[in-house]
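Computed from a prediction, not measured in an experiment: that's the story for all the values here. What's counted below: heavy atoms across the whole structure, side chains too, no hydrogens, waters or symmetry copies. Note that the numbering runs from 1 along the sequence shown for the chain.
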Amino acid sequence: PPPPPPPPAGQIGAVAWLQPALRLQRDVFDRTGAVELTASLSVQAPGVTYWYRYAYNPDFAYVLHSSRAADDGLDFRVSFRVFPERAPGRYNDTLSVTLCHDQQCTRQVAGSPFILPLHFDLGYHAVAEPGLELLQPTQTTVLNHDVVGAAYSAALDAVVTASARPLPMLRVHDLRSGSTRSVALLTAPTSLSLAQDGLSAALGHDAAVSLVDLRADAAAPVRRFEVPLPVGAVVLAGTRIVAFSAQRGTSNVVHWLDTVTGSSSAAITDGFRSVTGDVEPVLHPDGRRIYAANRGVTPDDVARMDLDVAPAAALFVDTRYHGEYPFCGAVAASPDGRRLYTGCGVVLTTSPNVADDMVYAGRMSLSRTRPNTWAEYAAWSLSVSPLNDRVALLEEKIGECRTPWVGFDNCHMRLAVYDSTTLARLSFHGLPVHERGEDRLRQWGRRLMHRSDGSLLLVTELRTRDEATPTWLLHRLSP
């Protein structure tokens, strides 16, 4: 509408806020600092001098003002205070402006004070990564527990998960019936590994490992064994459980446990024959050797340990490319055992002969936004299809998702699928936010698996503020 006619000279006419309120909606993990919004108080007072004062709660916001160019009013720049850190919730305050005809403000302009509501909503208001086509699962199951390990059993056509919260538990999620069987654990698990036949699982604990029979009719499904280390990763290889210590910044100790006799033997005792960091080892399909990649050290590498020797003679042998290629701490073996796919996209061929093992065979190109950058993005989880024709991975930006001093507010994850022959990328999607009531929660991809029919299964974590009962999701994706 056209502006109102100006008031007669010497008078103050219409006074009004151009906004009904100022509202800031902010995600609890956003660490961009104070956010500034502008509120405009329009005043029609040509040729008239007036005085003003304003009031607000300085613990809620910080306010600066300036004269408006469009009329005779004022613009207020309101910075909502986000530090010190607030608890999630809805916060309200007001900006009060009083206009006066005299400097002592004994005569106020009609309508004073002029009140503007200020609203600050701090909660789960995540947004998906812009510019990407978002993933659209065909089915999503809400898991009201955390997932410290997950694997797909083709024999059971089920996803097996291990959780520590709210209770230590192993669960078998039947994909055909939609039902879930639960097996209670004595202490919180730290890791999970399935047997090659998919009918049993090994779990790591603090100073223990468990062997669980996954069949529904198992009379005593859990056997527990003590080991002298906090277990960070396990591999179930036949009747043997290989347990890695939970050393994130130094060399890992490795113990072999015989599930028949219950005896435990140290296999690796020094840093020159071990792997370093948060390890996720994989068993080669022949069941005779393990591969693992260093994580959190520079340079990283992939190493092999043979299982057909005595524990005291076992050792890790790394690649010939130490420092030449990045591997980024994740390894997946192809179903035929002929290739290893690593977290930075580097592909290695395998051989039973150590001298011919782990030879460079190409590279899948992960995302890069800066030129001449070799490993700006890395895969958190990889999976090779049962037909050995596709490789799927969850990638994340290393500088925004893996550095300890960032707040992860810009950490987004992407799902990419590659042709296993040409290593060309075939599809690429961002992870959408998940709506839970009024919440919009960011999803972090944590485990990627192929089902027997070639479709993908994706386990994601919803990023929350340490809820007592965490929420994770199990997605089914189209083949």
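Counting only heavy atoms from C-beta outward, the side chains of Leu462 and Leu473 approach each other to under 4.5 Å. In this structure the side chain of Asp306 reaches within 4.5 angstrom of the side chain of Val354, judged on heavy atoms. Residues Tyr91 and Leu118 fail the side-chain proximity criterion, which asks for heavy atoms closer than 4.5 Å. Between Trp472 and Ser163 the shortest side-chain heavy-atom distance does not fall below 4.5 Å. Using a 4.5 Å cut-off on side-chain heavy atoms (C-beta onward), Thr161 and Val148 make no contact. Here the side chains of His429 and Leu132 are not in contact, with every heavy-atom distance at 4.5 Å or above. Side-chain atoms of Leu156 and Leu175, non-hydrogen and from C-beta on, never get closer than 4.5 Å to each other. In this structure the side chain of Val231 reaches within 4.5 angstrom of the side chain of Val209, judged on heavy atoms.
In this structure a side-chain-to-backbone donor-acceptor pair under 3.5 Å is missing from His255 to Leu229. Counting only distance, with no hydrogens or angles, the side chain of Tyr124 and the backbone of Arg465 share a donor-acceptor pair below 3.5 Å. Judged by distance alone, with hydrogens and angles left aside, the side-chain atoms of His205 form no donor-acceptor pair with the main-chain N or O of Ala207 at under 3.5 Å. The backbone N or O of Leu394 sits nowhere less than 3.5 Å from a side-chain atom of Arg414 that would complete a donor-acceptor pair. For the pair Tyr321 (side chain) and Tyr360 (backbone), a donor-acceptor distance under 3.5 Å is present. Between the side chain of Arg223 and the backbone N or O of Thr259 there is at least one donor-acceptor pair closer than 3.5 Å. Side chain of Asp439 to main chain of Leu441: no donor-acceptor pair is present (N/O by atom type, distance under 3.5 Å, no hydrogens or angles). Side-chain N or O atoms of Ser381 include one that pairs as donor or acceptor with a backbone N or O of Leu448 at under 3.5 Å. Between the side chain of Thr350 and the backbone N or O of Asp357 there is no donor-acceptor pair closer than 3.5 Å. A donor-acceptor contact shorter than 3.5 Å is absent between the side chain of Asp300 and the backbone of Pro326.
Distance check: Trp444 CH2 to Arg463 CZ gives 4.0 Å after rounding to the nearest 0.5 Å. Note that SG of Cys401 and NE2 of His412 are 8.5 Å apart. Values are rounded to the nearest 0.5 Å. The OG atom of Ser365 sits 8.5 Å away from atom CG of Leu423, with the distance rounded to the nearest 0.5 Å. The CG atom of Leu393 sits 10.0 Å away from atom OG of Ser383, with the distance rounded to the nearest 0.5 Å.
Residue pairs meeting the salt bridge (charged side-chain N to carboxylate O under 4.0 Å, His left out) criterion with at least one member in residues 146-156, sequence neighbours excluded, do not occur. Listed by first then second residue, pairs satisfying salt bridge (charged side-chain N to carboxylate O under 4.0 Å, His left out) with a partner in residues 417-433 read Arg390-Asp419, not counting sequence neighbours.
Atom CZ of Arg90 has 12 or fewer heavy atoms from other residues, nucleotides or ligands within 6.0 Å. The number of heavy atoms from other shown groups lying within 6.0 Å of CZ (Arg181) is above 12. Other residues, nucleotides and ligands contribute more than 12 heavy atoms inside 6.0 Å of the CD atom of Gln196. Counted within 6.0 Å of CZ on Arg86, heavy atoms from surrounding residues, nucleotides or ligands total more than 12; the atom is thus considered enclosed.
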Requested in this report: Output, in order, the C-alpha distance, side-chain angles, deciding distance and verdict of side-chain hydrogen bond (donor to acceptor under 3.5 Å, both in side chains) for Arg446 and Thr460.
Outcome: CA-CA 5 Å; Arg446 286 296 177 248; Thr460 65; over 6 Å; no

Requested in this report: Report the C-alpha separation of Asp121 and Arg26 in whole Å, then their side-chain angles, then the decisive distance to 0.1 Å, and conclude whether the salt bridge (charged side-chain N to carboxylate O under 4.0 Å, His left out) test is met.
Outcome: CA-CA 6 Å; Asp121 295 344; Arg26 182 183 173 96; over 6 Å; no

Report task. Using the salt bridge (charged side-chain N to carboxylate O under 4.0 Å, His left out) rule, take Asp213 and Arg215 through it: C-alpha gap first, then chi angles, then the decisive distance, then the call. Result -> CA-CA 6 Å; Asp213 190 332; Arg215 292 171 293 190; 2.8 Å; yes

Report task. Test Arg447 against Glu461 for salt bridge (charged side-chain N to carboxylate O under 4.0 Å, His left out), laying out the working first. Result -> CA-CA 9 Å; Arg447 189 66 59 187; Glu461 176 187 357; over 6 Å; no

Requested in this report: For the pair His450 and Ser385, evaluate side-chain hydrogen bond (donor to acceptor under 3.5 Å, both in side chains) and give the outcome as yes or no after the intermediate values.
Outcome: CA-CA 6 Å; His450 275 93; Ser385 66; 4.9 Å; no

**Report entry** side-chain contact (heavy atoms from CB on, under 4.5 Å) between Thr140 and Leu474, intermediate numbers included
**Finding:** CA-CA 6 Å; Thr140 297; Leu474 171 58; over 6 Å; no

**Report entry** Worked verdict on Arg451 versus Arg476 for side-chain contact (heavy atoms from CB on, under 4.5 Å)
**Finding:** CA-CA 9 Å; Arg451 196 177 179 186; Arg476 302 189 199 185; 4.0 Å; yes

Requested in this report: In sequence, state the C-alpha distance, the side-chain angles, and the governing distance for His125 and Arg440, and then conclude on side-chain hydrogen bond (donor to acceptor under 3.5 Å, both in side chains).
Outcome: CA-CA 5 Å; His125 305 300; Arg440 291 176 55 84; over 6 Å; no

Report task. May I have the step-by-step check of side-chain hydrogen bond (donor to acceptor under 3.5 Å, both in side chains) for Gln25 and His119, ending in yes or no? Result -> CA-CA 8 Å; Gln25 190 177 76; His119 305 290; over 6 Å; no

**Report entry** Derivation and outcome, side-chain contact (heavy atoms from CB on, under 4.5 Å), residues Leu415 and Phe428
**Finding:** CA-CA 6 Å; Leu415 190 151; Phe428 189 56; over 6 Å; no

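Annotation: ring pair (Phe, Tyr, Trp, His ring centres under 6.0 Å) contacts of Phe120 (sequence neighbours excluded): Phe80. In this structure Glu467 satisfies the salt bridge (Lys or Arg N to Asp or Glu O under 4.0 Å) test together with Arg436, sequence neighbours excluded. Checked against side chain to side chain donor-acceptor pair (under 3.5 Å), Ser420 has no partners two or more places apart in sequence or in another chain.
Looking at Asp301 and Asn294, their side chains never bring a donor and an acceptor atom within 3.5 Å of each other. Of the N and O atoms on the side chains of Ser334 and Asp336, at least one donor lies less than 3.5 Å from an acceptor on the other residue. Between the side chains of Ser452 and Tyr152, at least one donor N or O lies within less than 3.5 Å of an accepting N or O. No side-chain donor-acceptor contact under 3.5 Å links Thr469 and His145.
No salt bridge links Arg368 with Glu376; every basic N to acidic carboxylate O contact stays at or beyond 4.0 Å.
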For residues 234-244, please give each side-chain donor-acceptor pair under 3.5 Å, one per line with the distance, not counting sequence neighbours.
from: Arg240; atom 1: NH1; to: Leu307; atom 2: O; distance (Å): 2.7

